[in-house]
Amino acid sequence: MLIMDRKNNITRRRLVGAGAALLGMFNAPTLLHGATQTMVVQSEGGLLEAEIEAVEAWTPLGASYARLFTYNTQFPGLRLEARAGDTVRLRFTNRLLESTNLHFHGLHVPPTGNADNAFLEVPPGESFNYQFVLPTNHPCGTFWYHPHLHGLAARQVSRGLAGLFIIRGELDEIPAIANATEHFLVLKDWALDRSGEVLEPSVMQRMIGREGSLLTVGNATSPKFSILPGGLLRLRILNASASRFYRLKLEEHPMYVIATDGGPLSAPNAVSEILLTPGERIDVLIQGSRETGIYCLFNLPYNRGGMAMMGGPSRLAPPEVLATFAYEFSADSAAELPKTLVNVDPLPEPEGPVRRFTLSESGMKFLINGREFDHRRVDTQVRLGTVEDWEIFNQGSMDHPFHLHTNPFQILDAAGQPERAWKDVMLVPAGQRRRFRVKFADFQGKAFYHCHILDHEDLGMMGVVEMVAVSES
Ligand code: C2O
Ligand code: CU
Ligand code: CU
């Protein structure tokens with residue numbers, strides 16, 4: 001089913017069936033609508049099928065146009081929506097002048113073959129059919145896809161290659177949540193010149209992690225959302241920036257977290273601020289409980305380190321308005337927050353010792369356990385079916401958000417207890433140690449772990465974990 005989703009507005013129209021009609025639309029750019037629409041493809045009868053084309057295109061961005069790398073000429077790319085148990089078939093074509101590939105960030109699917117295989121390279125002009133089945137017990141949540149070619153990841157993501165991959169399920173069926181107005185906020189920064197061309201980063205900017213000064217939500221600058229008095233808004237937020245961290249605060253409104261990276265929480269968790277590092281997602285409810293007016297979603301300053309490299313003391317940017325929320329004039333709708341969500345069981349204690357990783361920076365090299373990434377090497381071998389605790393020690397001067405493919409994890413709190421939330425990115429602040437617990441379930445093969453500041457990944461801060469089935473002999 002193909003739907004045009006007019007952002008900031010709850011009306012949805014079904015246009016045409018899926019499949020070939022979809023491709024037809026992309027070949028007819030005159031049919032593509034302006035700055036406020038994202039294409040959505042939903043699974044039907046257990047099958048999600050879509051065409052995804054990486055192509056450079058002049059794309060509406062904020063008040064103007066920019067020459068971006070896009071999926072299907074849009075930013076963000078097609079929003080894919082499936083359910084646990086569905087088969088996913090994506091025909092991917094690379095129309096860029098350089099190689100690329102797809103990675104399905106956060107999905108628990110095989111990292112091999114034609115599934116979430118980030119070792120693959122799709123050369124310019126070629127196509128590849130990605131196909132996998134979502135396990136029937138796959139958590140519902142907000143996932144995303146982006147390119148993952150070592151050395152080009154930061155470049156390609158920063159130029160606009162990103163799309164949401166939503167898995168609908170139990171959380172979406174809780175009445176208060178099903179009735180909430182849902183918005184998708186893909187946060188992205190852009191470094192553009194005045195004509196709308198993407199600027200090449202300097203060596204220093206790559207070491208720190210490239211950032212752009214133009215901030216958009218989707219392709220809009222400070223979009224306006226409406227709140228119904230007494231009603232609930234659901235915001236699914238993705239940080240699709242290559243390096244930028246976001247520290248989010250909504251004026252006078254607490255945000256009730258209902259899901260983190262990889263799935264729902266057991267109960268809503270009220271927070272006044274959210275730090276969202278690259279690759280992370282958060283799903284929050286906002287209650288329209290304040291006086292009628294307009295409220296700003298701010299991005300507050302945060303120092304992730306690296307400023308010393310710029311030769312000065314840390315200079316923090318002023319808060320910026322990412323979006324505004326305006327109360328509608330209407331009768332009170334008196335929606336209540338759900339009390340419970342979806343139970344998350346803590347993972348059992350591991351039998352083996354803690355596995356340790358040290359992140360370090362040395363000049364232009366970004367290392368894990370003293371080594372630069374090499375795709376031919378297996379850095380870490382784990383047994384399929386086992387639970388492990390991983391400790392990440394950040395010896396560097398910058399914060400590094402650590403990401404693991406294929407299997408989500410539970411972050412261990414200060415007391416060593418697993419948080420009841422599924423994550424796949426864990427911030428490890430400079431000079432600190434953090435632990436998570438992970439179960440290597442279901443899938444054999446090699447997968448990546450890396451810093452999700454994609455320049456750091458491209459500069460070597462990535463390793464290979466191989467999950468091996470060991471037969472009892
Ligand atoms: Cu979103 Cu290996 O990355
Ligand atoms: Cu990933
Ligand atoms: Cu890093």
Side-chain angles (χ1 to χ4, degrees), residues 76-77 100-111 115-120 132 141-154 156-158 161-165 186-188 205-211 238-245 261-262 276-281 303-306 309 357-362 364-368 372-373 375 392-409 422-432 434 438 443 446-465:
T100 187
N101 65 4
L102 289 183
H103 164 52
F104 304 95
H105 181 129
L107 291 188
H108 181 58
V109 296
D116 180 27
N117 186 346
F119 286 86
L120 284 173
F132 49 87
T142 308
F143 304 93
W144 66 300
Y145 58 96
H146 64 79
H148 210 294
L149 215 55
H150 180 64
L152 292 176
Q156 296 184 350
V157 170
S158 69
L161 292 176
L164 284 168
F165 196 128
V186 177
L187 307 182
K188 181 74 174 67
Q205 284 165 335
R206 287 173 57 211
M207 286 170 62
I208 294 166
R210 67 189 77 188
E211 293 192 11
L238 158 67
N239 180 353
S241 295
S243 313
R244 179 181 285 272
F245 289 21
D261 296 343
L276 206 65
T277 71
E280 281 188 297
R281 290 85 67 209
N303 180 6
R304 62 179 176 84
M309 282 189 205
F357 299 85
T358 299
L359 312 180
S360 62
E361 306 148 11
S362 116
M364 276 296 277
K365 288 190 180 5
F366 285 74
L367 312 170
I368 300 181
E372 261 183 286
F373 175 70
H375 67 99
I392 321 297
F393 172 40
N394 180 354
Q395 217 174 42
S397 63
M398 285 180 262
D399 291 0
H400 296 294
F402 187 92
H403 170 53
L404 172 64
H405 287 206
T406 315
N407 291 285
F409 50 74
W422 293 113
K423 292 281 299 165
D424 52 55
V425 180
M426 177 178 74
L427 175 62
V428 190
Q432 299 198 29
R434 291 282 186 277
V438 58
F443 309 117
K446 293 183 212 170
F448 295 136
Y449 50 84
H450 58 92
C451 176
H452 217 292
I453 290 177
L454 294 174
D455 280 297
H456 296 172
E457 182 262 284
D458 286 334
L459 292 171
M461 198 176 270
M462 178 152 75
V464 175
V465 57

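Both ligands and their constituent atoms are indexed starting at 1 by order of listing.
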Establish, yes or no, whether a centroid distance under 6.0 Å links the rings of F373 and F366. no
In this structure, which one of V425, T277, I453 forms a side-chain contact (heavy atoms from CB on, under 4.5 Å) with H403? V425
Do any protein N, O or S atoms sit under 2.8 Å from atom 2 (Cu) of ligand 1, and which ones are they? H148 NE2, H405 NE2, H450 NE2
Spell out the protein N/O/S atoms under 2.8 Å from the Cu ion (ligand 3) as residue plus atom name. H400 ND1, C451 SG, H456 ND1
For the ring pair F143 and H105, is the centre-to-centre distance below 6.0 Å? no
For H400, which of E361, H452, R304 qualifies under side-chain contact (heavy atoms from CB on, under 4.5 Å)? E361
Taking only residues two or more places apart in sequence or in another chain, which ones pass salt bridge (charged side-chain N to carboxylate O under 4.0 Å, His left out) with R244? D189, E211
Dump the intermediate steps for ring pair (Phe, Tyr, Trp, His ring centres under 6.0 Å) on F402 and Y449, then the final yes or no. CA-CA 7 Å; F402 187 92; Y449 50 84; 5.8 Å; yes
Quick check: H456 with H450 (ring centres under 6.0 Å apart)? no
For K423, all residues meeting salt bridge (charged side-chain N to carboxylate O under 4.0 Å, His left out), sequence neighbours excluded: D261, E280
Parallel, tilted or perpendicular for H148 and H146, by the 30°/60° rule? parallel
